[in-house]
Amino acid sequence: MANQQQPPHWRAFWSLVVIQFTNSLNEKGVQFLLIALGIWLGSRLPYPLQYPLSVLIVLPYVLFSPLAGWLADRFSKTRLLQGMVLLQVVALVGMSVGLFAENLAVAVAFFMVFCVQAMFFSPAKKGLVKDMVGTRHIGFASGILEITALLALLVGQIGALWIVYYLLGRWGEDAGWAAAAWPCAVGTAGAVAVWLLSMALPRYEPLGTRPFERRLLWEHFAQLRLLWRDPVLRYCEVGIGYFWFIAGVMMLIALQMAQEAQEMLSGEDFMQVLGQQKDSALLIAWISGGSIVGGVLASLLCSRRINTRLSLVGGVGMTLSCLALVVLPYGHVLFYAALALAGLTASGYLVPLNALLQDHADDAQRGDVIAAGNLVDCALGMASVGVQWGLRSAGLSPAEQCLALAVGSAGVTLYLARAMRRGAGLAVR
């Protein structure tokens, strides 16, 4: 494998961590600024803004995944990442202009540009990790990258709602456009600084040689075959995909718990509704906070080798924490502890699988493998919305939904344990 004999480029890696943290922070932050603006606009919109925004975030992965993988393999990942960071600056400038001009269509259009750059950014970012640190440290480095991304998403989501809530309290309830525009402008300034930081990253030569073909625009199934025909990559992606599925369902269950624990508030009182959204985000913070701690621990345990048995421990922990949520009363201290435990064990489950997938993929096709994995993850993330909506519509309580997740977690854990017993390349490396 390439770069195994090269000394780790730790300074470059930590720069990459800062770059991807800012990218994820801005992505989630501007999404929730627009959601808060949509709540403020209220009846002037034909439908709640969070639904189309959620679709826009994953749609580029579905449409352009093969092209993103090909670009990351065929050209310098460093140059691709630098280009996407610059495109983020352009998207944030456009969104800021749209918000200051009180033009929602312009703001949403540039949010679409932001989502497209995030999709092309992902395989370049993940593909650089092995180039920078090599196989020996990829478990630690991959874990750090994942947990800082989770932290950025958490800070962006909660921070955007709190900032808008605070600014409207200071400036008055008529200042919705300004309360969304100014934080977006500040994010733009930060993105410019990060783009300058990205220009100092070392350049690694691409190993892919495949020329551009028009079928790259619809080659999704070929990419998935590349991922699925290798047993190690297949087992890893089953586990990784399930993580994003259960994460999506757990977030929605947490929101349902918060909603059912409070009186239904009138959509005409913006500050009340936004306050409820803010409190729901804090509930989600227990899960995300546990994920960050779990990711740190898993990264340290994988600092010198990829310990895939951690995934089994994490799978058992997810199963037990979901069972605990079935019986613990909402709001009890142990209930919050179970939410944190669910996040903690889920990260311990994810980190070694992610590291193994990146390490095992052929260097010349690593971008394709990561892009195919992104496609699967996004598809399962979208499926999580439909599954939770179906369970809720069927009359299942949040506790009963957690029981269903416990059964699913136990099944996936047994699947991975069986793969390890068969010696499918999932042993400690």
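Everything quoted here is computed from the prediction, not taken from an experiment. Residues take their numbers from the sequence shown, with the count starting at 1.
The two residues Ala141 and Val129 come nearest to each other via the heavy atoms CB-CG1, 3.7 Å. Contact between Leu201 and Ser15 at its shortest, heavy atoms only, is CD2-CB, 3.8 Å. For the residue pair Thr188 and Val89, the shortest heavy atom distance occurs at CG2-O, 4.3 Å. In this structure, Tyr349 and Ser311 approach most closely via the heavy-atom pair O-OG, 3.0 Å.
Legend: residues meeting salt bridge (Lys or Arg N to Asp or Glu O under 4.0 Å) with Arg214, ordered by chain and number and at least two apart, are absent. Residues passing the ring-ring contact (aromatic ring centres under 6.0 Å, His included) test with Tyr166: none are found, sequence neighbours excluded. Phe13 pairs by the ring-ring contact (aromatic ring centres under 6.0 Å, His included) definition with Trp10, not counting sequence neighbours. Not counting sequence neighbours, the partners of Ala340 by the side chain to side chain contact (heavy atoms under 4.5 Å, CB included) test are Trp286.
Side chain of Thr78 to backbone of Pro202: a donor-acceptor contact under 3.5 angstrom is found. At least one donor-acceptor pair closer than 3.5 Å links the side chain of Ser299 to the backbone N or O of Ile144. Counting only distance, with no hydrogens or angles, the side chain of Ser122 and the backbone of Met119 share no donor-acceptor pair below 3.5 Å. A donor-acceptor pair is defined here as one N or O able to donate and one able to accept, closer than 3.5 Å; such a pair exists between the side chain of Thr148 and the backbone of Leu145. Checking side-chain atoms of Ser393 against main-chain N and O of Gly390 turns up no donor-acceptor pair under 3.5 Å.
Val113 has its side chain out of reach of Met95: every pair of non-hydrogen atoms, C-beta onward, lies at least 4.5 Å apart. For the pair Leu353 and Leu416, the minimum side-chain heavy-atom distance is below 4.5 Å.
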Applying side chain to side chain contact (heavy atoms under 4.5 Å, CB included) to Phe21 and Val194, what does each step give before you reach the verdict? CA-CA 10 Å; Phe21 179 89; Val194 168; over 6 Å; no
Checking side chain to side chain contact (heavy atoms under 4.5 Å, CB included) for the pair Val369/Leu233: CA distance, chi angles, key distance, verdict? CA-CA 8 Å; Val369 169; Leu233 298 179; 4.1 Å; yes
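Relative ring orientation between Phe140 and Trp14 is described as perpendicular, the plane-to-plane angle rising above 60° on a 0-90° scale split at 30° and 60°.
Taking CG of Leu357 as the start and CD1 of Ile240 as the end, the distance is 4.5 Å to the nearest 0.5 Å. Expressed to the nearest 0.5 Å, how far CG of Leu81 lies from CD of Gln20 amounts to 10.0 Å. Distance check: Leu92 CG to Phe111 CZ gives 10.5 Å after rounding to the nearest 0.5 Å. Between Gln358 atom CD and Lys130 atom NZ the span is 10.0 Å, to the nearest 0.5 Å.
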Would you give me the side-chain donor-acceptor pairs under 3.5 Å for residues 64-74, sequence neighbours excluded?
from  : atom 1 : to     : atom 2 : distance (Å)
Ser65 : OG     : Gln223 : OE1    : 3.2
Ser65 : OG     : Ala371 : O      : 2.7
Trp70 : NE1    : Arg210 : O      : 2.8
Asp73 : OD1    : Arg366 : N      : 3.4
Asp73 : OD1    : Gly367 : N      : 2.6
Asp73 : OD2    : Gly367 : N      : 3.4
Asp73 : OD2    : Asp368 : N      : 3.0
Arg74 : NE     : Arg210 : O      : 3.1

Could you list the donor-acceptor pairs under 3.5 angstrom formed between side-chain atoms of residues 401-411 and any protein atom two or more places apart in sequence or on another chain?
from   : atom 1 : to     : atom 2 : distance (Å)
Gln401 : OE1    : Gln388 : NE2    : 2.9
Gln401 : NE2    : Gln256 : OE1    : 3.1
Gln401 : NE2    : Leu396 : O      : 3.0
Ser409 : OG     : Tyr242 : OH     : 2.9
Ser409 : OG     : Leu405 : O      : 2.9

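Centroid-to-centroid, the aromatic rings of Tyr204 and His9 come within less than 6.0 Å.
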